[in-house]
Amino acid sequence: MALRVRFAPSPSGYLHIGGARTALFNWLWARKNGGTFILRVEDTDQERSSIESVRAILDALRWLGLEWDEGPEVGGGKGPYFQSERRALYRELGEQLVREGKAYRCDLTKEELDQLRADFKAKNPKGEFVYKGPYRECTDPSKPHVIRFRTPRDGSTDFADKVFGHISTPNSEQPDFVLMRSDGFPLYNFAAVVDDHAMDITLVARGRDHVGNTPQQVLLYRAFGWTPPDFAHLPLMLASSGEKLSKRNASVAVHEYRDRGYTPMGVLNYLSRFGWSYGDQEIFSREELVRLFDWERVGRSDGKFDEKKFADVAFEHLKRPELTPPSDYVSSVTPFVAARGIERPDQARIAAALPLIRDRAHSLVEAADLLDFYLREPPVLDDAARPLLTPAAAPHLEAVRKLVADAGSFVASDLEAAFKAWLEASGIKMKDVAQPVRVALSGRKASPGLFDVMVVLGRETTLARLDRAIQLCRGS
RNA sequence: GGCCCCAUCGUCUAGCGGUUAGGACAUCGGCCUCUCACGCCGGUAACGCGGGUUCGAUUCCCGCUGGGGUCGCCA
């Protein structure tokens, strides 16, 4: 049977990097094997689901380039892809299990259950309440009720996990879990099983926090007489604090990294190496990831997200032209440049300056900052740089101005040669003249090499900036 | 607390019986140098503990300890 995997988020918050990793591994597996990657929205909880979250998740996935073959806004032959639109199916199958005696109606109310929990908690402050039944089976279907699964009392439920191997759980541990809520909406375990089966999912890959659900789901597959899919659980990505990643924690939201100027592959590369490895290799292109990914190389222990390592991996992608081609870099950084108030940034000049900022910009936000003075006339003069434009610096700038004006060819090596010759002849030290010139050209105390900057600016602009600096020196 | 799972530098990890336990990030030195970077060189830094199995355990088994997950009419 053709490989079909899915990513099934609940639209109750942003897509965070942990969820993005789950989506990535599914996507990689599908792409590697020519399978189908399905996106399904698990919006059965009307209280917590929101259309904004659906939007946010779709946008984040698209930005990362994890395009889905079937799902919202794409369609497919196994829809609908929103669980809220599949209620009739769940209801029908729930009734079927009741008819077959594999499930039953229970009219114990939520309040009564809460009371039981509270009572238990009062007596056993340490332990956690576990009520496995028997629940109150109701005979009057017109009364509000849920449908519970009639869980076997003994034996155990096993499944093979592609990452963790064989996992066995005693059935005595499982409660008579709820399939259908009293409001007619299905609960996670039930809806997931029904949909995974209906959508012909062949492998369910999700976070390790779902291993406890798997036995219940396997029990459901058996009750229906369906063959369970394969399972693969991923070790958890914890926050750097060691706590579980939260959907409400905006700082780990995918869109946050986009806004901070990281590229999709920067994010994906870091995520790919979290729980998966390929020898000592750290940096991968998207194509390499698709080719090399394998469940065999997925680890089993949880890890903590590391901001520094993440930033470095992202930087590596920005730094290497083979990973981020110039044209991609220019189009990616342009919006960040524009956000600084530079209207219709000169793309050609950005491209020209690119080699000078590539190994200096750790993010597109930084890149836009480093690009600023090439694109703004006059350049912004930093407060910290202003003091370098002293009357004493004026003569040096005058001399440099002449050199630039007289230079035959306007290429870095020739400019540097002429510069060195002048220093030689005058006995002036490079250290003493470089900083004023740098401030004149860039308005900053730090910049790429002077001659490279001049070439990007062009002779005319270089002269204009030197002139302006000379005026400022005299004025101070 | 029950059940399930995990355990190599601070962090992400390589290792699949015999290695000076490797790489990357971080960190600390140094080099390069017109500034800032990049780059390069080098240092500090790990197999949780106790039993086995074996000629030999980081590696296999058991226990302990530690950590995590889960125990909802959330997903």
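Hydrogens, waters and symmetry mates play no part in the numbers below; they use all other heavy atoms, side chains included. Order of the sequence lines sets the chain letters (A, B, ...), proteins ahead of strands, with each chain counted from 1.
Nearest nucleotide to the A/Arg208 side chain, out of B/C4, B/G69, B/C73: B/G69. Comparing B/C12, B/C34, B/G69 by their closest approach to the side chain of A/Arg438 singles out B/C34.
Looking at heavy-atom distances under 4.0 Å, A/Asn213 makes contact with a base. A/Lys429 comes within contact range of no nucleotide atom at all, as no heavy-atom separation falls under 4.0 Å. Residue A/Ser301 is classed as a sugar-phosphate contact, given heavy-atom separations below 4.0 Å to backbone atoms only. Looking at heavy-atom distances under 4.0 Å, A/Ser168 makes contact with sugar-phosphate atoms alone, never a base. Counting non-hydrogen atoms under 4.0 angstrom, A/Gly275 reaches the backbone sugars and phosphates but no base. Heavy atoms of A/Arg444 sit nowhere under 4.0 angstrom from any nucleic acid atom. Using a 4.0 Å heavy-atom distance criterion, A/Ser182 is classed as a base contact. Here A/Leu187 lies in heavy-atom contact (under 4.0 Å) with sugar-phosphate atoms only. Among the protein residues, A/Leu271 comes within range of no part of the nucleic acid, since none of its heavy atoms lies under 4.0 Å from any strand. If you check every strand for non-hydrogen atoms under 4.0 Å, A/Arg300 touches sugar and phosphate atoms only. Counting non-hydrogen atoms under 4.0 angstrom, A/Val178 reaches the backbone sugars and phosphates but no base. Using a 4.0 Å heavy-atom cutoff across all strands shown, A/Glu42 reaches sugar-phosphate atoms only and no base atom. Within the 4.0 angstrom heavy-atom criterion, no nucleotide atom of any strand lies near A/Arg297.
The shortest distance between the side-chain N/O atoms of A/Arg148 and the OP1/OP2 oxygens of B/C73 is below 4.0 Å.
Figure legend: cation-pi geometry between A/Arg148 and A/Tyr135, with NZ or CZ positioned under 6.0 Å from the six-membered ring centre and within 45° of its axis.
A/Lys308 places its NZ atom 10 Å from the P atom of B/C28, with the value rounded to the nearest Å. Between the CD atom of A/Gln174 and the C1' atom of B/C4 there is a distance of 10 Å, rounded to whole Å. Rounded to whole angstrom, the span from the CG atom of A/Asn189 across to the C1' atom of B/C71 amounts to 12 Å.
Using P as the reference atom, B/U8 and B/U27 are 23 Å apart when rounded to the nearest Å. For the P atoms, the distance linking B/A7 with B/C49 amounts to 15 Å, nearest Å. Comparing the C1' positions of B/G69 and B/G42 gives an interatomic distance of 42 Å, to the nearest angstrom. Straight-line distance between the C1' atoms of B/U11 and B/G72: roughly 35 Å, to the nearest whole Å. Comparing the same atom, C1', in B/G18 and in B/C60 gives a spacing of 15 Å after rounding to whole Å. Spacing between B/C61 and B/G66 at atom P, rounded to whole Å, works out to 22 Å. A distance of about 37 Å separates the C1' atoms of B/G10 and B/C34, rounded to the whole Å.
Nearest-nucleotide positions on RNA chain B place A/Arg21 closer to the 5' end than the other of A/Arg21 and A/Thr44. Of the two residues near RNA chain B, A/Pro448 and A/Val313, the one whose nearest nucleotide lies more 5' is A/Val313.
Aromatic ring pairs are classed by plane angle as parallel below 30°, tilted from 30° to 60° and perpendicular above 60°; the pair A/Tyr278 and A/Trp276 is parallel.
The closest donor-acceptor contact from the side chain of A/Arg444 to the backbone of A/Arg438 lies at 3.5 Å or more, if one exists at all. The backbone N or O of A/Phe7 lies less than 3.5 Å from no partner atom in the side chain of A/Asn26, so there is not a single donor-acceptor pair. Listed for the A/Glu92 side chain is no donor-acceptor partner under 3.5 Å among the backbone atoms of A/Leu89.
In terms of polar N and O atoms assigned as donor or acceptor, the side chain of A/Arg360 comes within less than 3.5 Å of the base of B/C36 in a complementary pairing.
Atoms CD and CG, from A/Gln217 and A/Asp196 in turn, are 7.0 Å apart once rounded to the nearest 0.5 Å.
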